[in-house]
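Please read the structure below before turning to the comments.
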Amino acid sequence: MATHRIIFDTDPGIDDAAAILLAMSSPEIEILGMSTVAGNVPLALTTTNALKLCELGNRTDIKVYPGADRPLKREAATAEHVHGMTGMDGAVLPEPKKRAETQHGIDWLVATLLAAEPKSITLIVLGPQTNIALALRRAPRIREALREVVIMGGASEQEGGNITPYAEFNIYVDPEAAAEVFDAKLPVTLVSLDVARKVVGTVERLDRLRHNGNAASVALADMLGFYTGRGKGNEPMYDPLTIAWLLQPDLFTSRMAQIEVDIGDKETAGQTRMTFDVPGATNRVLVDCKASGFFDLLTTRVARI
């Protein structure tokens, strides 16, 4: 029986694919559905990619709900320079036969969370937090259903960003949404760049994943290898650490923090300013991970698909 009932809010994205396939291959996790958001690539592509992953993971039962196609206030920013023009370059996946749902992602999020038992659902947020902020605006009571909100985003001021010297991409795309979500005092666990940069997909690790031989492992290794193929070098794992946290929290070290998001219009826009170990802090920030243990988990689980 699953010990975690989760919703993905996602913008696939190569590292999103790793997170989703890891969850699909883990019996401890029940995936209630996916809402998509514009982020790594525009909404039409993130939705198509989510559908492709349902088919790759042999989980066409999972429903996909398109959500927000732009940030709350800012112009959209995308990351084709990282993920390729499809958002999941490196592997050639067929166009999906599965179709997205007609219900809007925010409507589905609100309805699902309002109908849930208290503290029964874990929300996995892999992209900009636009959908989550809009859902909270519409129905603040959805917070009652949340057991945990695991977010990939942000970085300490000491660590620095990956889209600007100050900001991590997911927060940078929609800092206003992130600020609203952090201000809501939800039970947040944050996968920051501080921990992601300690878990790197080396050629040797990706070769081991590819050696599984099943279609999902080969496709995922090829996608993750696209980072290296661009000449950028090995890339941190980012999003799949959210699922690893649910499955093996003993792999991680964390600290509690207050988080403030810079929503200004200067070069520091999107910076997450973290104050650690202060009384009343509600955000758990993952700061270290046993990388070899993570790759053991990812490789053995995706082999099951």
Pair E180 + R137: basic N to acidic O under 4.0 Å: yes

OH/Y172: more than 12 non-hydrogen atoms of other groups inside 6.0 Å: no

Approximate separation, where rounding is to 0.5 Å, of T299 OG1 and L220 CG: 9.0 Å

For K52, all residues meeting salt bridge (charged side-chain N to carboxylate O under 4.0 Å, His left out), sequence neighbours excluded: E95

Any donor-acceptor pair under 3.5 Å from D288 side chain to T253 backbone: no

Interatomic spacing from CZ in F295 to OG1 in T300 - rounded to 0.5 Å: 12.5 Å

Any donor-acceptor N/O pair, D69 side chain to P42 backbone, under 3.5 Å: no

Salt-bridge criterion met for K97 and E55 (N-O under 4.0 Å): no

Among D89, D16, N40, T78, the one residue meeting side chain to side chain donor-acceptor pair (under 3.5 Å) with H83: N40

Closest non-hydrogen atom pair between P12 and A50, with its separation: CG-N, 4.1 Å

Spacing of OH belonging to Y166 relative to NZ belonging to K266, to within rounding of 0.5 Å: 11.5 Å

Heavy-atom donor-acceptor pair, T242 side chain to D239 backbone, under 3.5 Å: yes

Short N-O contact, K73 and D174, less than 4.0 angstrom: no

Please tabulate, for side-chain N and O atoms in residues 243-250, each donor-acceptor pair with protein atoms closer than 3.5 Å (sequence neighbours left out).
unit_1	atom_1	unit_2	atom_2	d
W245	NE1	E148	OE2	2.7

Test item: S26 side-chain N/O and E28 main-chain N/O as donor-acceptor pair under 3.5 Å: no

Under 3.5 Å donor-acceptor, D262 side chain and G270 backbone: no

Residue K119 excluded, over 12 heavy atoms near NZ under 6.0 Å: no

Residue pairs, two or more places apart or on separate chains, that pass ring pair (Phe, Tyr, Trp, His ring centres under 6.0 Å) and touch residues 119-163: none

Qualifying residues under salt bridge (charged side-chain N to carboxylate O under 4.0 Å, His left out), relative to D277, sequence neighbours excluded: R255

Which residues share a salt bridge (charged side-chain N to carboxylate O under 4.0 Å, His left out) with R5, sequence neighbours left out: E30

Option among V150, L22, V191, L298 that satisfies the side-chain contact (heavy atoms from CB on, under 4.5 Å) test with L241: V191

Short side-chain to backbone donor-acceptor contact, E168 and I171, under 3.5 Å: yes

Intermediate values then yes/no, side-chain contact (heavy atoms from CB on, under 4.5 Å), L224 and L209: CA-CA 10 Å; L224 292 170; L209 175 63; 4.3 Å; yes

Gap between atom OG1 of T47 and atom CD of E101 - 0.5 Å precision: 11.5 Å

Within 6.0 Å of NZ in K63, more than 12 heavy atoms from elsewhere: no

Carboxylate-amine/guanidinium contact D222 R210, below 4.0 Å: yes

Residues that E75 engages under salt bridge (charged side-chain N to carboxylate O under 4.0 Å, His left out), provided they are two or more places apart: none

